[in-house]
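As structure tokens, the structure follows; a few thoughts come after it.
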Amino acid sequence: MTSYKLPAERTVTAVVPNTAWLISSGDLRPSANEAGWPTQQQLESDVTAALDALGWSVVRANPVDPATGHGFISSQRMGIEVFKGIPTDAPLIVAEAVWQYSHHVLAGLRTHRGPILTVANFAPEWPGLVGLLGLNASLTKMGKAYSTIWSVDFTDEWFRNGLREWVETRHITHDASHVHPLPSLGESAERELGEALAKQMLQEKAIIGVFDEGCMGMYNAIFDDELLNPIGIYKERLSQSALYAEMLTVSDEDAAGVDAWLRTAGMTFLTGTDDKTELTEAQLTSQYKMYIAALRIADDFGLDAIGIQYQQGLKDLVPASDLAEGILNTTDRPPVFSRDGKRELHAGLAMPHFNEADEGVAVDALITDRVWRAMGLVPDSTLHDVRWGEQVGDDFVWVYEISGSVPASHLGGWQNAEGWRQGPVFFPAGGSTINGVSKPGEIVWSRVYIADGVLNVDLGRASVVELAAEETKRRKSATNPEWPIAHVVLHGVTRDQFMAHHKANHALIVYAPDSDTADRALTAKAAMFARLGVRVHLVGDTPLV
């Protein structure tokens with residue numbers, strides 16, 4: 001008789017009543033995990049105290065590693081190993097005070113049978129809210145049930161009541177009255193335009209160039225071809241190594257031309273000589289070469305939009321991609337010519353760039369570009385992290401912030417843009433941001449995401465408002481002062497409604513000259529999405545034509 005060595009049965013830890021297990025997904029970069037650990041410890045202490053008041057205990061699934069000095073799950077393999085010790089049916093809390101790589105914990109969460117609660121501190125210093133929203137979006141894409149909650153100090157009645165609901169019912173109910181399915185659109189020029197543009201995309205198709213997928217663990221930002229192809233969008237899968245190789249072929253003279261154009265247009269740079277802590281001319285030259293290389297590759301493949309991952313991979317080779325990305329997203333930008341110098345590439349147009357290779361933004365930016373250009377509007381768009389916010393008078397004013405890749409037009413022009421060095425914690429090779437404050441005005445915000453196995457889009461109206469200089473300085477200093485900021489007031493959406501429903505760590509924004517034009521453009525955009533078969537949700541006060 002043949003004898004085989006069967007794997008040993010895994011010992012199953014018993015579920016203890018009134019006990020929740022806690023994990024924290026972290027960054028992949030050791031420097032970020034080390035710097036953010038004290039904030040994470042405070043969050044976990046606050047959550048533990050709140051559960052203790054309800055008669056519950058908390059078990060941390062993995063101890064602090066004496067070698068690293070933190071308790072974050074810092075890789076997918078580590079996440080799988082940690083989950084082996086968690087009772088499969090136990091209530092589980094994923095607590096996030098920093099940016100986290102969702103894929104570190106998704107393998108364990110996918111097969112966990114107990115109730116899952118994601119929780120974050122509502123604070124500016126570290127992007128815990130951004131990490132929470134990215135994880136929530138990943139769980140939504142995965143079709144995994146979860147509850148979510150957040151708090152400034154974990155003592156407010158709203159948080160306490162939500163936590164009590166979760167321990168009693170294993171679920172938290174949030175107000176979703178601000179979200180509505182798109183109604184049937186009446187006859188209008190905007191509907192006709194959106195449907196005609198959708199028909200064109202389906203017939204002629206579009207290509208998005210992705211320089212490596214899965215940036216920073218964002219499972220939610222990877223869209224399968226089976227979802228993209230039916231709406232006329234196809235991928236050109238490119239390698240960041242090809243981008244780097246192309247950068248090596250760009251001449252110093254071509255890079256100097258970009259520099260001269262930007263400085264003539266009014267952009268200023270805060271430069272120094274210490275490569276480790278200051279922005280240097282060599283870093284800028286590398287970023288200009290990336291900009292030129294990206295457009296030449298886009299020309300090679302006939303791309304309609306591009307997305308550079310940067311983190312991880314390129315961050316160990318070259319300065320940040322943000323300056324190149326922001327220039328690409330701006331209609332008024334330095335000219336780039338083909339390798340033989342005979343053709344200007346994509347002349348007079350922005351090349352939509354989806355930062356962090358977020359393919360939800362790729363779809364959104366591509367459609368926005370076509371609608372806005374067809375309406376004779378400036379199509380420059382950008383994604384922002386949904387970073388944080390506070391009440392100002394009668395309005396809750398969000399901090400929308402991104403790592404430096406805004407189009408200059410959002411700041412009111414290149415003369416309002418400053419180049420600051422990226423922080424060494426996340427960007428060891430440095431590089432310039434496009435820093436500034438987004439101009440006041442009317443915007444359309446949106447997000448394309450995957451839920452129930454299909455493409456969805458949330459569309460809403462908002463205003464970028466002007467705050468006092470001291471308040472702007474405080475907000476930037478509390479987050480990342482080197483990054484561009486937008487003070488955003490959502491129309492008809494409260495803080496907690498937005499947090500509960502938003503299925504992404506990013507939102508895309510695009511300006512319109514006035515409220516009426518913004519409403520008409522949103523209608524055309526909604527019509528285009530609907531004609532493509534995307535499930536459209538109107539969020540908040542969204543007047544349609």
Side-chain angles (χ1 to χ4, degrees), residues 10 12-13 19-48 51 57-121 123 126-142 144-150 214-222 311-312 315 356 425-426 505:
R10 178 180 150 196
V12 179
T13 307
T19 300
W21 287 65
L22 184 145
I23 60 171
S24 57
S25 180
D27 210 295
L28 190 66
R29 298 159 288 197
S31 59
N33 284 330
E34 292 164 10
W37 180 239
T39 306
Q40 177 70 29
Q41 285 181 300
Q42 183 62 54
L43 164 63
E44 294 185 16
S45 175
D46 290 338
V47 171
T48 299
L51 281 165
S57 300
V58 174
V59 177
R60 200 171 203 289
N62 61 291
V64 173
D65 185 338
T68 64
H70 66 77
F72 289 114
I73 294 173
S74 56
S75 71
Q76 185 168 217
R77 169 51 61 190
M78 181 180 178
I80 290 172
E81 295 302 317
V82 168
F83 265 91
K84 289 179 180 179
I86 300 173
T88 304
D89 296 303
L92 179 64
I93 297 171
V94 189
E96 297 301 336
V98 302
W99 172 252
Q100 57 80 38
Y101 281 48
S102 296
H103 81 292
H104 289 172
V105 294
L106 289 181
L109 292 174
R110 187 182 289 273
T111 56
H112 190 74
R113 294 196 299 258
I116 297 168
L117 175 67
T118 65
V119 59
N121 55 339
W126 288 90
L129 290 175
V130 189
L132 176 84
L133 291 171
L135 178 61
N136 289 352
S138 295
L139 290 168
T140 298
K141 175 187 174 183
M142 204 161 66
K144 187 69 177 181
Y146 66 95
S147 296
T148 187
I149 200 165
W150 46 90
C215 182
M216 294 190 290
M218 292 190 296
Y219 170 75
N220 60 298
I222 302 172
Q311 305 271 18
Q312 302 289 327
K315 77 168 179 61
E356 297 172 355
V425 170
F426 296 110
N505 43 305

Listed once per pair and sorted, the salt bridge (Lys or Arg N to Asp or Glu O under 4.0 Å) pairs that draw on residues 129-139, sequence neighbours left out: none
Residues in salt bridge (Lys or Arg N to Asp or Glu O under 4.0 Å) contact with D89, at least two apart in sequence or another chain: R113
Non-hydrogen side-chain atoms of W37 and T68 separated by less than 4.5 Å: no
Value rounded to 0.5 Å, distance of CD1 in I80 from CG in L106: 10.5 Å
Pairwise side-chain contact, L43 with Q40, heavy-atom cut-off 4.5 Å (strictly under): yes
Contacts of type side-chain hydrogen bond (donor to acceptor under 3.5 Å, both in side chains), residue S147, not counting sequence neighbours: none
ring-ring contact (aromatic ring centres under 6.0 Å, His included) involving H70 - partner list, sequence neighbours excluded: F72
Geometric class of the H103/Y101 ring pair [parallel <30°, tilted 30-60°, perpendicular >60°]: tilted
Side-chain heavy atoms of Q42 within contact of N121, under 4.5 Å: no
Pair listing, side chain to side chain donor-acceptor pair (under 3.5 Å) test, anchored in residues 130-142, at least two apart: T118-N136, N136-T148, S138-N220, T140-Y146
Set of residues satisfying side chain to side chain contact (heavy atoms under 4.5 Å, CB included) with respect to I86, sequence neighbours excluded: W21, I23, A61, V82, F83, L92, H112
Exercise answer: donor-acceptor pairs, residues 127-135 side-chain atoms, under 3.5 Å, sequence neighbours excluded:
none

From I116 atom CD1 to L139 atom CG, the distance as rounded to the nearest 0.5 Å: 6.0 Å
Where at least one partner belongs to residues 29-39, residue pairs that pass salt bridge (Lys or Arg N to Asp or Glu O under 4.0 Å), sequence neighbours excluded: D27-R29
Main-chain N/O of F426 paired with Q311 side-chain donor or acceptor, under 3.5 Å: yes
Which residues share a salt bridge (Lys or Arg N to Asp or Glu O under 4.0 Å) with K144, sequence neighbours left out: none
Min side-chain heavy-atom separation L28-H104 under 4.5 Å: yes
Polar contact flag, side-chain donor to acceptor under 3.5 angstrom, S102-Q100: yes
Residues which pass salt bridge (Lys or Arg N to Asp or Glu O under 4.0 Å) with R110, listed by chain and number, not counting sequence neighbours: none
Listed partners of E96 passing side-chain hydrogen bond (donor to acceptor under 3.5 Å, both in side chains), at least two apart: none
Rounded distance (nearest 0.5 Å) linking atom CE of M78 with atom CG of N62: 4.5 Å
Set of side-chain hydrogen bond (donor to acceptor under 3.5 Å, both in side chains) partners for N33, sequence neighbours left out: none
Side-chain donor/acceptor of T13 to backbone N/O of P87, under 3.5 Å: no
Nearest heavy-atom neighbours spanning M218 and N505: SD-ND2, 3.3 Å
Euclidean distance, I93 CD1 relative to I149 CD1, rounded to 0.5 Å: 10.5 Å
